[in-house]
Amino acid sequence: MREALRGLTGRGRCFLYGAAAAAVCALLFGEKDFLRVGVLIATLPLLAAWNVGRSRYRLACSRVLEPNRVQVGMTARVLLRLENLSGFTTGTLLLEDRLPYSLGSRPRLVLERLTRRHASSVAYTVRADVRGRFEVGPLVVRLTDPFGLCELTRSFPSIDHLVVIPQVVPLPMVRLAGEYAGAGDSYARSVAVHGDDDAATREYRYGDDLRRVHWRSTARTGELMVRREEQPWESRATIVLDTRAWAHRGEGPTASFEWAVSAVASIAEHLRHAGYKLRLVTDTGTDLDAGGGDTALIDHLAEVQLSQHGDLTIATDQVRHRADGGLVIAVLGLLDTAEAELLASLRRNGTTCVAFLINSTTWLNLATAAREEADNAYTAAGLGLLRSGWRIIDVPHGSKLSTLWPQVGRGQGFTWRAAMAETVAGGVR
Amino acid sequence: MNQRRHLTVIAAVTTLMAAAPLSTLYVEWTWAIDCLIAVSVVCGTALGARALRAPTWAQPLASLGALLLIVTWLNPSGDEFIGIPTGATFAHFGDLIASSGQDMRNLAIPVYDRPGLLFLTTVGVGLCAIVVDFVAVVLRRPALAGLPMLAIYAVPVAIDAGSVSVISFIIAAAGYMWLLVTDNIDRVRLFGRRFSGEGRGIDMWEPSPLAAVGRRIAVIGVLLAIIVPVATPGLSRGLFGQLGQGLGNGDGSGNCRNCVGGTRVDLFANLAGNLNDDKEQVLAHITTNDPNPPYLRFGVADTLTRKGFASGQPAGLPVSQGLPNPPFSDADDTGARPVVFAHHDASVSIGLLDMRVLPIFLAPTSGSLQSIGDVWRFDPGTAVLFSTEASTQGLSYKFGFDHPDFTPDLLRTAQRLPATNPIQAGLTKVPTDVKLVDTIIAQQTRDTTNEYDTVRGLYDYFAAKNGFVYSLSTKAGTSGSDIGNFLTNKRGYCVQYAAALAWLVRAANYPARVAFGFTQGKLDSPGVYTLSNRNLHAWTEVYFQGFGWVPFDATPSAGIQGSIRTGWAPNVDLLTPTRSGSDGTDVGPSANPSGSGASGLGHRLDQGEDTGAGALGGNSTTTWPWWVLGGFLILLALAAAPSVARVLIRIRRATTEKRISSDTAEPGEPWVVVDDESSIATTRQRVHAAWDEFIDTLIDYRVPIDPAQTPRTMTDRVARSLYLPEEASAGIRSLGISEERARYAKRPGTSESTHEIVQTVRRALAARVSTRTRLRAMLLPPSVTARWGTNAMATITRIVARSQSTRDTVSRTVSIRRWFTASGRAAAARTR
């Protein structure tokens with residue numbers, strides 16, 4: 001009750017003061033009619049407070065996010081489940097779930113009544129336009145009386161997290177140069193010890209293609225054996241994300257950095273499906289390994305931000321530190337020549353290095369002179385990488401990753417030959 | 001938008017409800033119709049302005065303009081330009097306001113319709129409607145709407161010295177709270193999507209459970225608001241007025257009917273209330289040089305309706321403008337013979353009398369009134385001194401008066417008033433025919449030719465020799481049927497004597513009225529009379545042309561202290577042997593004014609008037625213990641009903657068992673297996689009855705019951721879990737087996753004494769449970785209450801379902817929308 005009295009709204013307080021004034025008037029003028037008014041408007045807030053405060057509801061609240069990991073621009077469903085554990089029927093509850101504003105406006109619901117020992121579920125959807133990890137909750141419950149004289153606010157401390165991951169686009173299947181480059185758990189070696197034929201065999205299982213039956217082994221073992229065509233070797237890929245603030249242009253969801261993050265996420269997802277073991281390296285020293293069902297990489301991508309003090313040296317050191325070989329895919333912003341040389345040193349025998357070189361100046365509208373200058377710098381950096389054997393994919397503003405992706409698999413194309421020709425020409429001169 | 005429209009309409013309706021207290025001020029209901037028109041127009045304009053999306057500031061202005069137009073239409077000056085107010089209109093409004101000011105000074109409430117006052121009321125309520133609408137709908141601060149509503153409420157409170165009627169307060173309060181609830185529910189609706197506990201979404205139109213809670217709180221609040229002031233003592237006058245304790249206010253009932261001044265009050269009720277006071281209270285002292293002063297009078301009831309005599313509305317000029325001279329003292333042109341009269345002076349000092357009227361003699365002389373201010377006005381028609389604001393308390397004043405001595409011969413010369421005379425036209429009407437009246441008039445005025453003889457004949461009729469007895473035990477009232485009863489039963493007191501005589505005189509087509517005042521009082525010292533509440537009295541006055549109003553007191557003088565008789569109206573009982581002494585319990589000795597106990601009884605009225613002052617009467621003081629006792633007994637019966645019902649059920653089951661077992665039992669056999677086809681059914685019935693009783697006993701002692709359990713497992717569980725004594729648990733088990741057999745076996749068998757088993761079990765259970773449970777099982781057995789609750793719910797559900805289906809049927813049959821669509825479809829078909 002005391003708590004409820006503290007919950008009196010301005011209107012409720014005014015009613016009490018007004019009642020006091022009316023009572024004084026009634027006393028001074030001897031008019032019981034004013035006393036009536038006074039008693040009425042004094043009674044209302046007190047009864048309202050009693051009515052609100054009486055309901056010491058024991059409510060339990062649980063929240064389920066479906067799904068709790070959602071791509072940018074998609075919606076997630078939040079399911080609230082309220083349970084009244086007390087023996088009373090609740091009054092009208094005003095529910096408000098606290099959301100960060102980037103998830104949209106706060107959902108507000110009115111629960112008319114909840115009978116005792118009953119539960120009720122209600123769902124709402126949120127739409128995320130920005131990457132990140134967001135807190136959903138706490139749920140704030142407001143109890144109100146019919147006259148608006150008293151209002152109690154209670155909040156449930158439970159908080160859930162909604163992870164908004166970058167947009168993942170499906171990529172066409174392309175045969176990549178660095179496939180099966182890394183050494184996995186050496187199935188190959190065990191095959192060698194067995195002294196079997198070049199093909200490993202296993203028992204026939206229902207559904208196997210009859211054409212794959214390895215007759216020789218079948219004859220020897222007396223059971224149907226088939227050739228194993230699954231390759232025991234692992235594919236490994238290292239993805240380098242350039243997060244240097246200097247290298248990127250544009251702001252908000254359309255910034256070049258967002259394109260880069262989205263590209264990394266898409267590539268990672270694509271490669272993961274293709275059975276690669278992934279490793280993410282950034283210029284802030286992040287070095288993440290991500291296995292088959294692991295979400296650490298994608299969660300990191302949900303939260304990754306531009307770094308002011310990033311340095312590509314750190315990234316190259318990290319990559320070199322644990323040279324797994326295989327495929328290196330770098331999504332890079334603007335580079336100067338020194339950085340291009342630094343990256344060039346990553347290219348060694350046995351590794352395929354692919355660079356998505358984002359021409360981030362195209363995210364801006366530049367004057368012709370500045371444009372030329374920027375293009376020159378971009379070409380120079382690209383050439384620097386090309387010469388060391390990197391495969392360069394030029395990413396101007398507005399390009400789609402799914403259309404660029406096939407270039408990763410293609411051999412050294414015309415660009416490369418042109419660049420080499422230029423190098424040769426330079427050498428001659 | 002829809003919500004705002006709703007709120008606009010509710011704001012208008014609540015404004016009208018808040019105007020309900022104004023009904024105290026008016027006799028008729030014209031004001032309410034005017035207000036309804038004005039508020040409807042204001043509301044309609046606001047709706048229109050909002051529909052046209054007028055800017056916020058323009059909405060009240062539009063309403064204001066509409067109010068001006070409608071007020072002009074209601075109060076036209078005749079110079080409007082097609083309803084548009086002109087300068088003349090405003091001049092007319094000015095006149096109306098001025099006249100309303102005059103009315104406020106001159107008239108006492110309740111007033112009849114006066115154009116000025118109606119104008120003021122309409123404009124005031126209309127303005128309030130605009131303010132309420134603006135505050136509640138535009139500013140969304142409905143709590144502030146209470147201020148204009150309070151302003152309306154304050155008007156009758158300030159004008160009326162008494163309490164504003166409870167009903168109008170309830171209406172106004174309900175309106176205000178309705179507005180608050182509507183606004184807040186709107187706020188809650190707008191807060192977010194609504195859904196019920198079942199997770200179902202709720203539409204906009206569906207009612208909110210908040211409204212139900214609001215209604216409950218509102219009812220409690222209003223009840224408290226009515227009860228608390230009534231229960232608060234000593235608030236009748238306030239700190240400003242509490243210097244002297246008033247008359248009749250000590251009862252603490254807060255019912256101010258007795259203290260209200262007589263300008264509007266029912267004087268009959270006032271009289272009854274004062275006379276019923278056990279204490280003798282000195283109301284006034286009068287000093288006069290008249291050796292035999294006439295009755296001092298302060299009120300007149302001259303309006304006769306179906307409900308009886310009532311006071312009219314006094315109107316007059318302030319006393320400083322001078323009093324008119326009595327008609328008999330003027331040398332008039334009617335040629336009436338001069339009346340002998342003596343001029344005297346009198347000074348009155350008021351004691352505890354608390355009214356809005358001052359006692360004065362019938363014929364005060366012009367310009368003689370001294371020592372009272374201009375708040376007092378003199379109504380020349382009724383010769384009543386009244387005020388709309390001041391009270392009589394503590395006043396002293398002097399005046400001169402004429403004490404006429406009409407002689408019968410002189411009065412016989414009075415001519416009948418012409419029919420066009422307002423007195424003749426207004427004061428000779430009787431609303432209904434009353435039995436005996438015509439007979440009495442015919443009998444008493446058979447050979448009279450002039451007014452005096454007629455009146456005298458009727459006056460003489462009330463003598464004791466005709467069987468009239470001054471009596472307390474008469475039902476009061478002055479309506480036609482009450483008069484008829486009095487004339488039949490011939491038992492009554494001063495009010496009825498006076499009213500009956502006035503009625504008869506009127507029926508005989510002469511103007512008459514009832515006057516109120518004091519009898520002569522107790523002579524303290526030479527020339528000084530003390531007037532107490534025992535001296536309050538009512539009598540008849542009859543108009544004689546050229547003489548004015550002449551008093552006739554038909555009440556037997558034995559019943560009244562200080563009663564005096566005059567030459568023209570002598571004591572009729574003295575002419576014959578009096579019978580008044582024979583009824584000693586009814587008529588007190590009038591000769592002993594100081595014996596207040598006995599004489600007080602003698603002149604006590606047991607009933608007030610039709611306004612219900614009888615609650616203070618002597619009869620009710622003796623009947624209330626019976627009421628309390630009766631109420632207590634009813635409460636007791638209600639409280640005992642469940643336990644009695646339980647006992648009845650138990651007896652019925654036991655007798656079922658006995659009746660049947662006496663048929664089938666064979667003595668000496670502890671376990672009977674029934675073979676006989678005919679008795680199988682009865683045995684089953686009997687075992688089921690015992691089982692039902694057992695289950696009810698379990699419910700009563702709050703032993704949990706699982707309906708899914710078989711009789712055997714249930715009895716096992718009960719016996720085990722409650723650690724019942726050996727005998728009882730064996731009994732329970734055998735009961736369970738009996739029930740099992742009765743349910744499922746081809747031939748039910750039973751141990752003989754199921755009834756005794758159940759009794760043993762009950763005793764054993766009672767020993768196991770807590771005292772509280774035992775008491776509850778005895779006084780409020782849960783088995784009975786649960787059964788009643790289930791039945792009640794089922795009945796309610798059935799009624800609701802039936803009414804719902806009826807409503808559906810009706811709305812399906814007479815659906816306007818359906819007609820429209822049907823006609824629309826028909827029209828479409830035709831065009832095709």
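Since this is a predicted model, take the numbers as computed values, not measurements. Letters go in sequence order (proteins before strands), and every chain restarts at 1.
- Contact annotation for B:Leu223: neither backbone nor side-chain heavy atoms come within less than 4.5 Å of a heavy atom of chain A.
- Of the residues considered (A:Thr115, A:Leu114, A:Leu95), A:Leu95 shows the highest number of contacts with chain B, using heavy-atom pairs under 4.5 Å.
- Pairing each heavy atom of A:Glu258 with each of A:Pro253, the nearest pair is CB-O, 3.5 Å.
- The most heavy-atom pairs under 4.5 Å with chain A, out of B:Ala143, B:Pro209, B:Gly221, come from B:Pro209.
- Taking the charged nitrogens against the carboxylate oxygens, B:Arg4 and B:Asp186 have no contact shorter than 4.0 Å, which rules out a salt bridge.
- For chain B, the option among A:Ile41, A:Thr43, A:Thr144, A:Leu94 with the highest count of heavy-atom pairs below 4.5 Å is A:Leu94.
- For the options A:Val110, A:Val122, A:Leu111, A:Leu82, heavy-atom pairs under 4.5 Å to chain B are most numerous at A:Val110.
- With a threshold of 4.5 angstrom between heavy atoms, B:Arg187 approaches chain A through side-chain atoms but not through N, CA, C or O.
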Any chance you could lay out the salt bridge (charged side-chain N to carboxylate O under 4.0 Å, His left out) test for A:Arg106 and A:Asp97, step after step, and finish with the verdict?
CA-CA 6 Å; A:Arg106 292 177 170 176; A:Asp97 218 358; over 6 Å; no
Quiz item: When you look at A:Arg11 and A:Asp145, which way does the salt bridge (charged side-chain N to carboxylate O under 4.0 Å, His left out) test go after all the steps?
Solution: CA-CA 12 Å; A:Arg11 187 189 289 181; A:Asp145 77 296; over 6 Å; no
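- The salt bridge (charged side-chain N to carboxylate O under 4.0 Å, His left out) test with A:Asp299 is passed by exactly one of A:Arg131, A:Arg133, A:Arg69: A:Arg69.
- Once rounded to the nearest 0.5 Å, the distance linking OG of B:Ser208 with CZ of B:Arg189 reads 6.5 Å.
- Chain A forms the most heavy-atom pairs under 4.5 Å with one residue out of B:Ala154, B:Pro142, B:Ala211, and that residue is B:Pro142.
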